[in-house]
2 protein chains.
Amino acid sequence: MASHVRSSPSAIDGPAEDARDPRVRILSAAGQEFAEHGYEAATVRDICTAAGVNVAAVNYYFGDKRRLYIESVRHAHEERLRQVPQPEWPSDTSSAKKLHDFIDNMLERMLGAGQPPWQVRLMMREVLQPTEACRELVEDYIRPHFALLVSILDELAAGALSQAELRRVGMSIVGQCFVYRAAGEVVCMLVPQGEIESLHTPKPLADHITRYALAALGVAAPITAFPSSASSSGRDVVS
Amino acid sequence: MASHVRSSPSAIDGPAEDARDPRVRILSAAGQEFAEHGYEAATVRDICTAAGVNVAAVNYYFGDKRRLYIESVRHAHEERLRQVPQPEWPSDTSSAKKLHDFIDNMLERMLGAGQPPWQVRLMMREVLQPTEACRELVEDYIRPHFALLVSILDELAAGALSQAELRRVGMSIVGQCFVYRAAGEVVCMLVPQGEIESLHTPKPLADHITRYALAALGVAAPITAFPSSASSSGRDVVS
DNA sequence: AATCGATTGAAACAGTCGTTTGAATCCGCT
DNA sequence: AGCGGATTCAAACGACTGTTTCAATCGATT
């Protein structure tokens, strides 16, 4: 047993975690290995080598591989929450702009700048095949974001849709972003190369998904009504 | 070496594959194990036990685990193609109805009737983290379906959108279906229980996604314009 | 019946996995 | 300086993994 080790140094050290603390070094290395290879394929030996500690350390600090995994998922989404706070707008911001900003922000977090950081890939694994670490991830990270999206849609629909319908529309929007991250490699095989770079990167995609949603909700003109790439309809509703 | 074994009995036996053929028994058992646990976590011992053959059989018939996996993915999508042929419509069918049927069919294949058959889950794994078996899966199975969707959208937009824009809209539709299969368990955590059963099952979802698309394309009224669950707008465009 | 290639079977291979051990080392304390 | 708990280390454990071996068995052909 390693019960004599203090259970959570980060809780008392505060946000300025010492990178020389072997506990956070292991958590970081574990997160990257789990994100890259998945729980089964990642090995504690590789994790410890990457963290520069002995194999016995994971048992000493975390008990076993399963508990290390759960802690590393928690560590990942906590760090992610600190890095990317929920957006805030001046009170007179139009709801259409809020929607565009929200979608742009979500896409940027999911796809932004080449390979997304390992935290996102680890969380994505939990979404695709949940383990016991999933519930906490949903409550702390995903549900607040989804609730914000639904509230924006509520504002946008001006009471015309029930909460249930708003959730359904919200899921449609999330799905359109989600597919590019989860099935990105297949998307690249279905769409010509140049088109990927010009139309399926975060910025143009945010424009498209926003326009698609605004048109479906009747807030803007249908996407067939104007030429092509611009994010706005006749009146410039989003900027 | 096991080079003396005939390479593909199913090719000469025709569609009526003998279930007592150890080769297809192994392929079927392997597909289910790989679909359930993934490539790494599935063991050749479990596969052989499930297939009722000796462990040496996989080496005798397929060489090694990697080649067995590739063959089992091929076997899965070939069987799936035979089970679910592409829909065909009378030439006077409205393109709105075609879109609704297509979406309904895709959702039924992905989500239909509780746990989807193992073939779908195996293919989904290939989409989420492609291996060398992915390209063939895309060319034989996914690309034809996506091309059909794009052609329906082309008809619907009546030339108002370029091929690139049609692909982008197609990806939006696929994404809305995809999220329910790939992230289904998280969806269940975000949406109240009763709502799942009433609004997030294939039929109501197909109605919603179709209506969302038709409204976005300006073919039907915005989804805020009419009360709630019905799949049609004022004129009954889809039936 | 005898023969010979195709197929199956039980057992063992070498390697890697997560985990444990027990001694060695570090570091704050009196 | 010297004590004592906290931490690190190399080494080994037993349980698995994919793969191979080689003798036993099968089934059609002569």
Side-chain angles (χ1 to χ4, degrees), chain A residues 1-13 17-31 33-34 36-73 131-133, chain B residues 1-13 17-27 29-31 33-34 36-72 131-133:
Chain A
M1 294 301 174
S3 57
H4 47 90
V5 65
R6 68 191 196 278
S7 64
S8 179
S10 64
I12 55 177
D13 293 354
E17 291 176 1
D18 193 339
R20 285 160 298 185
D21 180 353
R23 198 185 153 89
V24 317
R25 284 220 318 277
I26 295 174
L27 277 177
S28 180
E33 288 292 322
F34 286 136
E36 185 79 27
H37 306 103
Y39 178 79
E40 305 277 358
T43 74
V44 312
R45 278 180 172 82
D46 287 348
I47 290 170
C48 291
T49 301
V53 301
N54 189 271
V55 277
V58 30
N59 230 273
Y60 181 75
Y61 285 103
F62 300 96
D64 55 17
K65 185 186 182 183
R66 201 189 100 264
R67 273 173 286 184
L68 168 59
Y69 174 78
I70 295 173
E71 285 297 318
S72 76
V73 172
T131 70
E132 50 189 316
Chain B
M1 297 298 178
S3 57
H4 47 89
V5 63
R6 66 193 198 278
S7 65
S8 180
S10 64
I12 56 177
D13 294 352
E17 293 176 0
D18 192 340
R20 285 161 298 185
D21 180 353
R23 197 186 153 90
V24 317
R25 284 219 318 277
I26 296 174
L27 276 178
E33 288 292 321
F34 285 136
E36 186 78 26
H37 305 104
Y39 178 79
E40 305 277 359
T43 73
V44 311
R45 276 179 174 82
D46 287 348
I47 290 170
C48 291
T49 301
V53 300
N54 190 271
V55 276
V58 28
N59 230 272
Y60 181 73
Y61 285 104
F62 300 96
D64 56 16
K65 185 186 182 184
R66 203 189 98 264
R67 273 172 287 183
L68 168 60
Y69 174 78
I70 296 173
E71 285 297 317
S72 77
T131 69
E132 49 189 318

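We use all heavy atoms of the structure for the numbers below, so side chains are in, but hydrogens, waters and symmetry mates are not.
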Exercise for review: Ignoring hydrogens and angles, tell me if any N or O in the side chain of B:K65 forms a donor-acceptor pair with the backbone of B:V58 under 3.5 Å.
Suggested key: no
Study note, to complete from the structure: Partner of A:C48 under side-chain contact (heavy atoms from CB on, under 4.5 Å), picked from A:N54, A:V53, A:T43, is A:V53
Check your understanding: Do A:T131 and A:Y69 have side-chain heavy atoms sitting under 4.5 Å apart?
Key -> yes
Practice item. Nearest whole angstrom, please: distance from the C1' of D:dA6 to the CZ of A:R23. Key: 15 Å
Point to revise | B/S/- contact track for nucleotides 12-28 of chain D, protein heavy atom under 4.0 Å | key: B----BBBBB-------
Check your understanding: Are any non-hydrogen side-chain atoms of A:I47 and A:F34 less than 4.5 angstrom apart?
Key -> yes
Review point. Closer than 4.0 Å, any side-chain N/O of A:Y60 to the OP1 or OP2 of C:dT19?
Key: no
Practice item. Rounded to the nearest angstrom, tell me the gap between atom CG in B:D21 and atom P in C:dA6. Key: 16 Å
Exercise for review: Using atom types as modelled and distance alone, determine if a side-chain donor or acceptor of A:D64 lies under 3.5 Å from a backbone N or O of A:R67.
Suggested key: yes
Study note, to complete from the structure: note: A:I26, atom CD1; D:dC9, atom P; distance rounded to Å ~ 11 Å
Review point. So do the side chains of B:L27 and B:F62 get within less than 4.5 Å of each other, counting heavy atoms only?
Key: yes
Check your understanding: How close or far is atom C1' of C:dT8 from atom CZ of B:R25, stated in whole angstroms?
Key -> 12 Å
